[in-house]
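Take a look at the structure set out below.
Every heavy atom of this structure was used, including side-chain atoms; hydrogens, water molecules and symmetry mates were not. Source: prediction; values computed, not measured. The sequence lines fix the lettering, A, B, ..., with proteins before strands; numbering per chain opens at 1.
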Amino acid sequence: MDNFKKIEKKWQDYWDKHKTFEVKEDSDKKPYYILVEFPYPSGSGLHVGHVRSYTAQDAIARMMRMQGYNVLYPMGWDSFGAPAEQYAIKNHIHPKEAVKENIKTFKGQMKSLGFSFDWSREFATTDPDYYKWTQWQFLQFYKHGMAYKATIPVNWCPTCKSVLSNEDAAGGVCERCGSQVVQKEKSQWMLRMSDYAEDLLTGLEDTNFADRVKLGQINWIGKSTGVELDVDIVGGGKFSVFTTCIETVYGITFFVIAPDGKLIKELMPRVENKDEVEAYIKETATKSNMDRTELNKGKTGVEVKGVKAINPVNGKEVPIFLGDFVLGDYGTGAVMAVPSHDQRDFEYATEHNLEMIQVIDGADVSKKAFEKHEYLGKDCKLMNSAEFDGLTVEEAKEKITEKLEEMGIGRRVNNYKMRDWIFSRQRFWGEPIPMINCPKCGWVPMNEEDLPLVLPDVAEYEPTEDGESPLANIPEFVNCKCPKCGGDAKRETDTMPNWAGSSWYFLRFMDPHNTHEFASMDKMKYWNRVDWYNGGMEHTARHLLYARFWVQFLYNIGLVPNKEMIWTRVSHGMVLGADGVKMSKSKGNVINPDDIVNEFGADTLRIYEMFMGDYQLEAPWNTDSLRGCKRFLDKVIRLKDKVEDKAGYTDTLEALQNKTIKKVEYDLTHMGYNTAISSLMILSNAYDEKESITKDDYRLLLILLNPMAPHITEELNEELGFNPICESEWPEYDEEKTIENVKDIAVQVNGKVRGTIQISIEDDEQSIKERAMECENVKKHIDGKEIVKVIVIKGKIVNIVVK
RNA sequence: GCGAGUAUGGCGGAAUUGGCAGACGCGCUAGACUUAGGAUCUAGUGUCCCAGACGUGCAGGUUCAACUCCUGUUACUCGCACCA
């Protein structure tokens, strides 16, 4: 029976030859764009996790094609990235060679699984024809004032002489060599993403993202409304703090400023304990933001001696501290500390023996702070706050803000956690940033007609001594003429982050071969937007936010038809190893899809991955369960022996068949793949119980199963003499026939099931009640007791309440 | 730490609106057919002190009725800005 290999190859060739899944924009069918995140073609080949989401999207695509939609389901390669570069450094070959090999492997694997991708639209982000447009779009950002250079700290390994990602610098130690990581200032290209914070927030209303996805976006943007307050420094100078709790302003007993901020640098000449302060700044430079803001750790910090600040509302002089929990790049890099009403300040004050002033009445603040989440909305009154004493917190918030505005030292502001996008990478394997630095003209964008700026072929891919991209070592690349004045100039040697190419690839799929635009407005208008986008949970915050930002910018300059180009976004759960943990080479629990396809067939793997559990949750691999799926398909094959050469449907199967069509249709569009398959198992079990079934009965099962197991169903369908399923229509169900006329319902006494009765649709409440009371076992439980009430839920349950 | 998610038999999971908890599959037990197979078929399979009681991480609450709603709590998984 194991001729599945032949069958699968046969139908894959058939689809290729007939270009079954290639779509054109001239169809009068309704367009529908299904997208799955294009993979990074790693050296280890396709992961069974890829198979899960590609199959899920494939099933929707195949069903919707049969339902008459013009379905676009494309695939490509997100092929820039660090692993290819690491490989190149080690083996001294150009990353593009490794990428080429990997893509070949991935594509072969995808074909062997029978995914209905439109391969005529394939591209890779590393194709110069593609990244030409990524570069072109960067120039648009630049020309609209959205790209700028800024000096910001990066993780730096002094031993490897290399810039590290936070991941590679976890715990302040270099992943590769174990050296202490330090923060180093570097000039980087930035995109003004924070300008879009509000639009990215409101834009969510024009999407159909799952709630948890929307929440992820909202939290990443991290909007908070509050007041920015100016604070004078004794003896001259001032700084600002941002607070969401201006009502506690009279409770300020000190200020804390960021060790990595600008302010401390300005104050330095006046600082009395310079050594101590500098040592603390140095220490902070070795910590990541996460280590710094962790609440459980001790509140470290040092007083900045010789400098005092003045609380603007009451003229009180208070000390200034350095504290690493204050971040230089969030808010104003300084906070007001009110230990009585903020737990973090409370701990800091306790540790450093600082004064506390309670300004909101209603709790004891000697042991812990009385915080906003405890006092807001509870009618708590102010105290120790001059003329504001006795006002409620809500009134005081407003009145104090008004007063500060009048005094000209306070402003209402929205603060966002989301920062501008650091767009430079000191790496080789990324899109070169098309900017030229001219000694006379400064930064000058390349002429658009000179794009793409292609990555050169080089022998070494190591970064330079001072951590610049290897491109800096290539004089032919670096030295150029200024497009403006024609004088000698130098190219930017940083490249773009991996996120760049994936921020707009879904637009390119709409018009992948366009040589004069990244995509034509006409074609984008035809497809309108991505209707259904699937990817991993780990991408729902950042990739999606970057992509939305990119699109909103393009929309604002009139280059895409919608402000949001992605309608529904869903995320699938990871496929874990059989031991319930993430698959990894080191754990030896990796399943290679090729092995499964070889031994069990693509259809079995597809069915299994759809059946393995709730699509949105992670699920461990289980080979026994996979065998069960093979058995199910074998059973479907065996059912063919029961087929009589008869048209029409078997009467007694009609209700179940209609119900199954409805269920599969609903489940495939609601990510209930596992229950879709279970309902098909139920249908085949019902077929199996019959002496014989008709050809139409059998074909119905094959069509419903086809989106998930496309090869074997096509083969069996052909053996029956029908047209290929991929050229057929999806069956329609009759709602009336899905309703069962006669049904068993449970009868409860005091909420416990004591019997069942059979009811039919026409039965009225009274007769159901009477029949329920007559049940043997029910009688036993209500005998001699007082009936308080009888609840009848039509078609569901009867509950008799007795005393 | 912040944000999100999850918790149901031996295992994966089901239960669309609060209405018979455990669908469907795996595994397991017994049998049939067979001569040895990861094949097929039949019956069974939440737990227990088994005419009944208990049971959806834990502790409470609302309700005629709670896996589902509310309050609190624990554990695990993911993301946190240069991994993709």
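Rounded to a whole angstrom, the distance from the P atom of G12(B) to that of A7(B) is 12 Å. For the P atom pair drawn from G5(B) and U56(B), the interatomic distance equals 23 Å after rounding to whole Å. Atom P of C26(B) sits at a distance of 10 Å from the matching atom of C41(B), rounded to the whole Å. Across C54(B) and U6(B), the matching C1' atoms stand 26 Å from one another, rounded to whole Å. Taking the C1' atoms as reference points, A14(B) lies 10 Å from U8(B), given to the whole Å.
One finds no side-chain N or O of Asn622(A) lying less than 4.0 angstrom from the OP1 or OP2 phosphate oxygen of G12(B). For the OP1/OP2 pair of G52(B) and a distance below 4.0 Å, the side-chain nitrogens and oxygens of Arg754(A) include no atom meeting the criterion. Between Lys752(A) and C20(B) there is no side-chain polar atom (N or O) within less than 4.0 angstrom of OP1 or OP2. Taking 4.0 angstrom as the limit, Asn674(A) places a side-chain polar atom (N or O) nearer than this to OP1 or OP2 of A14(B). Between Arg542(A) and the phosphate of C80(B), there is a side-chain N or O to OP1/OP2 separation shorter than 4.0 Å. At C26(B), one or more side-chain N or O atoms of Arg631(A) fall inside 4.0 Å of OP1 or OP2 (strictly under the cut-off).
Note on Gln86(A): nothing from the nucleic acid sits closer than 4.0 angstrom, heavy atoms only. Heavy atoms of Phe611(A) sit under 4.0 angstrom from at least one base atom. Using a 4.0 Å heavy-atom criterion, one finds that Glu618(A) contacts the sugar-phosphate atoms exclusively. Residue Asn685(A) is in sugar-phosphate contact alone, with no base atom involved, counting any heavy-atom pair closer than 4.0 Å across all strands shown. Within the nucleic acid shown, Gly216(A) has no heavy atom closer than 4.0 Å to any nucleic acid atom. Base contact: Asp744(A) has a heavy atom under 4.0 Å from a base atom. Ile793(A) comes within contact range of at least one nucleobase, with a heavy-atom separation under 4.0 Å. Using a 4.0 Å heavy-atom criterion, one finds that Ser424(A) contacts the bases of the nucleic acid, with or without backbone contacts as well. Within 4.0 Å of Trp220(A), counting heavy atoms only, lies at least one base atom of the nucleic acid. Counting non-hydrogen atoms under 4.0 angstrom, Tyr666(A) reaches a base of the nucleic acid.
Whole-Å rounding puts the Arg425(A) CZ to C83(B) P distance at 7 Å. When the C1' atom of A84(B) is taken as reference, atom CH2 of Trp77(A) falls 15 Å away, rounded to whole Å. Spacing between atom CD1 of Ile218(A) and atom P of A4(B) amounts to 10 Å, rounded to whole angstrom units. In this structure, Asp667(A) places its CG atom 11 Å from P of U16(B), rounding to the nearest Å. Regarding Met583(A), its CE atom lies at a distance of 22 Å from the P atom of A84(B), rounded to whole Å. Here C78(B) presents its P atom at 6 Å from NZ of Lys582(A), a figure rounded to the nearest Å. Following rounding to the nearest Å, Leu215(A) (CG) and G79(B) (P) show an atom-to-atom distance of 18 Å. Here A14(B) presents its P atom at 11 Å from CD of Gln616(A), a figure rounded to the nearest Å.
The base-pairing partner of U6(B), taking Watson-Crick or G-U wobble contacts with both distances under 3.5 Å, is A75(B).
A distance-only check finds a donor-acceptor pair linking the side chain of Asp420(A) to the backbone of Met193(A) [under 3.5 Å]. No side-chain donor-acceptor contact under 3.5 Å links Glu618(A) to the backbone of Lys582(A).
A donor-acceptor contact closer than 3.5 angstrom is absent between the side chains of Asp667(A) and Tyr615(A).
The side chain of Ala541(A) lies closest to G79(B) when the candidates are G79(B), A4(B), A84(B). With distances taken from any side-chain atom of Leu617(A) to the nucleotides A21(B), U6(B), C83(B), the minimum falls on U6(B). Across C20(B), A84(B), G3(B), the shortest atom-to-atom separation from the side chain of Ile797(A) is found for C20(B).
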Q.
Quick one, Asp634(A) with Arg638(A), criterion salt bridge (charged side-chain N to carboxylate O under 4.0 Å, His left out). Give me CA distance, side-chain angles, the key distance, then yes/no.
A. CA-CA 6 Å; Asp634(A) 287 344; Arg638(A) 258 184 283 116; 5.8 Å; no
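Syn is the conformation of G9(B), whose glycosidic angle sits no further than 90° from 0. C50(B) has its base syn relative to the sugar, with a glycosidic angle deviating from 0 by at most 90°.
One cannot find a donor-acceptor pair under 3.5 Å joining the base of C26(B) and the side-chain atoms of Asp624(A). Counting distance only, with no hydrogens placed and no angle test, the side-chain atoms of His543(A) and the base atoms of A84(B) include no donor-acceptor pair under 3.5 Å.
Other residues, nucleotides and ligands place more than 12 heavy atoms under 6.0 Å from the CZ atom of Phe242(A).
Here Asn799(A) contributes atom CG and Arg754(A) contributes atom CZ; the two are 11.0 Å apart, rounded to the nearest 0.5 Å.
Taking the six-membered ring where the residue is Trp, the centroids of Phe611(A) and Tyr673(A) are separated by 6.0 Å or more.
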